[in-house]
Amino acid sequence: MTTTKQSPLEIFKHLESKLSGIVPDFELKLKSELAYEINLLKEEMNAVILGHNYMEPALFHSIPDFVGDSLELSRRAAETDKDVIVFCGVQFMAETAKILSPDKKVLIPSQKAGCSLASSITAEDVKKLKKSFPGVPVVTYVNTYADVKAECDICCTSSNASAVVQSLGVNQVIFIPDEYLSKNVAAQLGYTIAFPDVHSKEFQPEDFSEFQMIGWAGRCEVHEKFSVEDINSVRKQFSDVLILSHPECSPEVVEASDFSGSTNAMIRYTSESKASKYLLLTECSMGDNIASENPDKEMLRMCSVRCPHMNQITLEDTLECLKNSQYEVHVPKDIANRAARSVQRMIEIG
Ligand code: 13P
Ligand code: SF4
């Protein structure tokens, strides 16, 4: 993080200490000027900047007051006493911040920062699921829009999904919308899981009464691309590599990895383990972001797999965001109130 008190040169020195060898100095100089202007406006507007672990390295190491995974940033959004929250992440994350802090102004630097998981399910789909399985609690991954969260009983993130499911203490749960995350949770808890097509004419809810989890076939367009073949090929080329995968990867990929966890959990694991080479099966920026904290460790990269949504957020757009107070996130009050219950319930579980 950098502060308002730092000049562009001091910001450059800070970025250089974190990113020399990863980003050319020339680029860092330009980014330092932008970060300097952003810091001034941030103070003027009494704003807090939250940055997801997937932000590009120069942004990640300069302007956010807090960086972290979805769960940590939700907590930060709920706790802040600032007037404005600038969310350097995707739309559903900024919406979650608004749900938790309805009286604050929440801004997101780009309107194009969506998410394939959030787009995979609608509030109508959830209503149909609830009608088909009356009384069965619905757990939603936070990677959904506010109207979907409003229809659900409790949210979860990749760092607490199994704990949330277990906390319900019931025989059957509906878990939406990530097919792979739900399969990974089911495998971890030893639960049976099925993915009924509730919109098909042949769908009969009774056919699924024996399953402990009812899932939804949404996918993350980034994590679904990693395969066991990729892992085998990397291991062949680099025999001493440690492979970490996000739980949005397929169960086969998770099984073939050395560790699986949320973005924060992957960062922690890398810093605590002794191996000399790592491959993170997730958005490529993560490897660059943690390289400076792990100078003796080599981060292998598979950067042809990127999140096109997270990559919409740049320092340039963040500066415009603060200058023009754009783009403000709005969530209708009734939806926000109902969604807040699901998110708060999750935060209480931790
Ligand atoms: P985390 O909650 O692990 O930060 O993941 C969010 C996400 O969108 C991963 O693709
Ligand atoms: Fe959504 Fe996948 Fe991008 Fe995460 S990485 S924001 S789940 S599309």
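In listed order, ligands and their atoms are each counted from 1. As the structure is a prediction and not an experimental result, all values here were calculated from the model. Position 1 is the first residue of the sequence; numbering continues from there.
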(message) Counting only heavy atoms closer than 4.0 Å, does ligand 2 sit against the backbone of Asn143, its side chain, both, or neither?
(response) side chain

(message) Under 4.0 Å from a heavy atom of Val222: which atoms of ligand 2 are those, numbered in the order shown and with their elements?
(response) 5 (S)

(message) Considering non-hydrogen atoms of the protein only, which is the closest contact for atom 6 (C) of ligand 1, and what is the distance?
(response) Ser70 OG, 3.4 Å

(message) Measuring from non-hydrogen atoms of Asn53 to any atom of ligand 1, is the shortest distance under 4.0 Å?
(response) no

(request) May I ask you to check whether Cys220 brings an N, O or S atom to under 2.8 Å from atom 1 (Fe) of ligand 2? (result) no

(message) Quick test: of every protein heavy atom, which one is nearest to atom 8 (O) of ligand 1, and how far off is it to 0.1 Å?
(response) Asn143 ND2, 3.3 Å

(message) Under 4.0 Å, counting heavy atoms only: does Glu283 come that close to any atom of ligand 2?
(response) no

(request) Give a yes/no on ligand 1: does Glu283 have at least one heavy atom closer than 4.0 angstrom to it? (result) no

(message) Is it the case that atom CD in Glu255 sees more than 12 heavy atoms from other parts of the structure closer than 6.0 Å?
(response) no

(message) Would the distance check show the side chain of Asp258 and the main-chain N or O of Leu244 forming a donor-acceptor pair, the cut-off being under 3.5 Å?
(response) no

(request) Would you please determine whether Cys220 falls within less than 4.0 Å of ligand 1 on a heavy-atom basis? (result) no

(request) Compute the minimum heavy-atom distance from Met266 to ligand 1 and say whether it is under 4.0 Å. (result) no

(message) Within ligand 2, which atoms have a heavy atom of His309 less than 4.0 Å away?
(response) 8 (S)

(request) Please check if the side chain of Gln6 supplies one atom and the backbone of Thr3 the other of a donor-acceptor pair under 3.5 Å. (result) yes

(request) Do me a favour and list the nearest non-hydrogen protein atom to atom 10 (O) of ligand 1 with residue, atom name and distance? (result) Glu248 OE1, 2.9 Å

(message) Give the atom numbers and elements of ligand 2 that come within less than 4.0 Å of a heavy atom of Glu248.
(response) 2 (Fe), 7 (S)

(message) Out of all atoms in ligand 1, which are within 4.0 Å of some heavy atom of His246? Include the element for each.
(response) 1 (P), 3 (O), 5 (O), 9 (C)

(request) Evaluate the ring planes of Phe208 and Phe133, with Trp represented by its six-membered ring, and classify them as parallel (under 30°), tilted (30 to 60°) or perpendicular (over 60°). (result) perpendicular

